[in-house]
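Report on one structure; see the data block that follows.
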There are 2 protein chains.
Amino acid sequence: MTLHERIRQDFEARILSGELAPGERLPTEQALMAHYGCARMTVNKALSALAVAGLVERRKKAGSFVARPRLHSMVLDIPDLAQQLTASGRRHAFRLTGRRLRPAAVADAGLVAQARRLLQLEGVHQADGLPFALEQRLISAEAVPAALEADFEAQPPGSWLLAHVPWTEAETRILAVGASEAEAAALAVPAGTPCLCVERRTWRLGEGITFVRQLFPGDSYDMVARFGPAPRG
Amino acid sequence: MTLHERIRQDFEARILSGELAPGERLPTEQALMAHYGCARMTVNKALSALAVAGLVERRKKAGSFVARPRLHSMVLDIPDLAQQLTASGRRHAFRLTGRRLRPAAVADAGLVAQARRLLQLEGVHQADGLPFALEQRLISAEAVPAALEADFEAQPPGSWLLAHVPWTEAETRILAVGASEAEAAALAVPAGTPCLCVERRTWRLGEGITFVRQLFPGDSYDMVARFGPAPRG
DNA sequence: CCGCCTTTTTTGTATATACATTATCGAAAA
DNA sequence: TTTTCGATAATGTATATACAAAAAAGGCGG
């Protein structure tokens with residue numbers, strides 16, 4: 001293990017263990033460079049890394065302080081459906097049940113910004129032949145002209161877009177809804193079945209690319225978010 | 001703006017704009033140091049920062065490459081219920097409906113690791129006097145002895161724990177369920193109402209602190225996760 | 001006692017240098 | 001042709017040094 005990595009881990013451990021409380025000041029670079037017998041740049045690198053990781057806050061002249069922990073953000077794993085299913089040994093298929101190209105309405109502006117024509121897709125994800133999730137999607141014909149030619153049964157829209165269109169921003173909304181009659185029929189569940197509804201909007205430099213609404217019946221799917229110590233590096 | 005910051009932003013912009021495609025190789029440190037007329041350490045700092053931000057991948061001898069965008073992680077905002085409600089002008093209250101101290105069963109080990117006695121709480125979050133969310137919680141009596149004395153109506157368990165117990169790991173699971181008879185009654189909604197169910201386990205250095213299960217009826221609540229360009233540093 | 005200026009401490013940035021590490025490429029050997 | 005092995009090119013780490021910037025601390029005069 002390298003020296004600046006070791007210094008970093010030393011303090012990471014002491015902070016996470018609570019030995020160094022939030023707000024507490026930690027030694028100056030001078031003191032640390034004497035303690036570890038190294039150059040100031042080395043200490044600096046370790047402390048700077050802790051700062052970008054959010055574990056400490058550094059202020060000129062004042063010193064370095066243990067940061068207050070922030071609960072308010074966690075990393076949410078958003079798996080690719082096809083990839084996740086095949087990884088667990090099941091066969092994934094996407095059946096397209098609707099496809100049309102239409103002009104964008106005023107109400108669509110909040111979903112796919114700046115689009116004038118929208119490719120509207122509807123389909124069902126199947127796992128081993130059984131319906132698994134319902135997908136409704138809008139794709140901006142201006143932002144992704146190639147989508148008009150794509151075969152979305154060979155590759156589901158999500159995977160296709162991921163491979164063909166770089167995006168810079170995304171927002172995901174998660175809520176619970178009951179399945180409507182039509183949705184329930186497509187998913188082969190009773191009407192009103194509680195479903196996890198995932199809505200995602202994606203942008204590229206401010207221009208809307210796609211909006212997708214996925215419906216997962218009840219217990220067939222859940223999302224997991226984790227938070228742990230920052231990865232080493 | 002400092003030089004290494006400028007170099008970093010230059011490439012961040014070129015990557016996000018798509019000018020530099022994923023997988024594409026970017027100039028060597030030698031080339032950049034000639035281009036910007038600076039020392040290699042300065043270029044190194046910029047590229048290293050891009051690497052920790054996940055925008056580029058660096059391999060010895062091979063060079064630096066634009067990283068493939070990862071859809072698989074987004075930042076999930078996990079709001080503090082009380083804080084969020086009061087911020088939006090509504091009055092928050094927590095009504096404790098059940099509280100008992102009991103020995104941990106075998107089945108609890110997956111929820112609160114290493115706990116021998118568990119403080120089991122049940123209560124309802126209210127917004128402006130109306131039931132808003134149901135909360136069931138287990139707290140390890142060993143990890144958080146002070147919880148036995150706490151007044152959880154003055155400060156809800158979530159806020160109290162946040163203020164009193166530092167944690168190092170957390171995992172959140174989100175799924176959709178229908179409200180049971182008892183749950184529906186407590187929330188004043190019809191039985192079977194689709195609810196967003198948030199389950200969170202929290203650890204401190206491997207020792208389980210708490211497990212919580214929150215139930216939000218239907219459309220009263222949703223979660224939002226965002227992904228955007230890495231913050232400047 | 002308050003406000004302003006100077007000093008000093010501490011972090012931030014940049015450079016030149018040296019050596020370590022390691023994946024890749026190409027040449028030599030089997 | 002295939003394997004092996006070394007040269008090489010690229011990043012990774014560490015050091016000593018210099019100066020800049022900012023903010024706290026202290027002193028000084030009003």
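To find a chain, count down the sequence lines: A is the first, B the second, and so on, and within it residues start at 1. Remember, predicted model here, so these are calculated numbers, not experimental data.
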Report yes or no: does [X] contribute a side-chain atom to a donor-acceptor pair with the main-chain N or O of [Y] at less than 3.5 Å?
| X | Y | answer |
| --- | --- | --- |
| A/Arg201 | A/Gly110 | yes |
| A/Glu142 | A/Arg117 | yes |
| A/Glu153 | A/Leu96 | yes |
| B/Arg25 | B/Ala62 | yes |

- Item | Any donor-acceptor N/O pair under 3.5 Å between C/dG12 base and A/Arg40 side chain | yes

d([atom1], [X]; [atom2], [N]) in whole Å:
| X | N | atom1 | atom2 | result |
| --- | --- | --- | --- | --- |
| B/Arg25 | D/dA9 | CZ | P | 12 Å |
| B/Met1 | C/dG12 | CE | P | 18 Å |
| A/Lys45 | D/dA16 | NZ | C1' | 16 Å |
| A/Arg58 | C/dT9 | CZ | P | 18 Å |
| B/Arg59 | C/dT22 | CZ | C1' | 12 Å |
| A/Ile7 | D/dA14 | CD1 | C1' | 11 Å |
| B/Phe65 | D/dA10 | CZ | P | 10 Å |
| A/Leu32 | C/dT9 | CG | P | 18 Å |

Counting side-chain heavy atoms from CB outward, which of [options] is closest to [X]?
| X | options | result |
| --- | --- | --- |
| A/Met41 | D/dG12, C/dT15, C/dG12 | C/dT15 |
| A/Glu29 | C/dG12, C/dT21, D/dT15 | C/dG12 |
| B/Cys38 | C/dT15, C/dT11, C/dT22 | C/dT15 |
| B/Asn44 | D/dT17, D/dT13, C/dG12 | D/dT13 |

- Task: Answer with base, sugar-phosphate or nothing: what part of the nucleic acid does B/Leu47 contact at a heavy-atom distance below 4.0 Å?
- Result: nothing

- Query: Between A/Thr2 and D/dG12, is there a side-chain N or O to OP1/OP2 distance below 4.0 Å?
  - Reply: no

- Message: Strictly below 4.0 Å: does B/Thr42 bring a side-chain N or O up to OP1 or OP2 of C/dT13?
- Response: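 No, B/Thr42 has no side-chain N/O under 4.0 Å of OP1/OP2 on C/dT13.
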
- Quick one: sort the B/Phe132 and B/Phe216 rings into parallel, tilted or perpendicular, breaks at 30° and 60°. perpendicular

- Is there a side-chain contact between B/Tyr36 and B/Thr42 (heavy atoms, below 4.5 Å)?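 When only atoms from C-beta onward are counted, B/Thr42 and B/Tyr36 do not touch, as no gap falls below 4.5 Å.
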
- Message: Closest-nucleotide mapping onto DNA chain D: is B/Ser48 or A/Met33 further toward the 5' terminus? I mean the 5' end.
- Response: B/Ser48

- Message: Can you list everything that forms a side chain to side chain donor-acceptor pair (under 3.5 Å) with B/Thr202? Sequence neighbours excluded, please.
- Response: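 Applying side chain to side chain donor-acceptor pair (under 3.5 Å) to B/Thr202 gives none.
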
- Between B/Arg58 and B/Glu29, does at least one N-O distance fall below 4.0 Å, as a salt bridge requires? yes

- Note: for B/Lys60 and A/Thr28 on DNA chain C, the residue whose nearest nucleotide lies more 5' is A/Thr28

Filtered N/O pairs between nucleotides 3-8 of chain C and protein, under 3.5 Å:
none

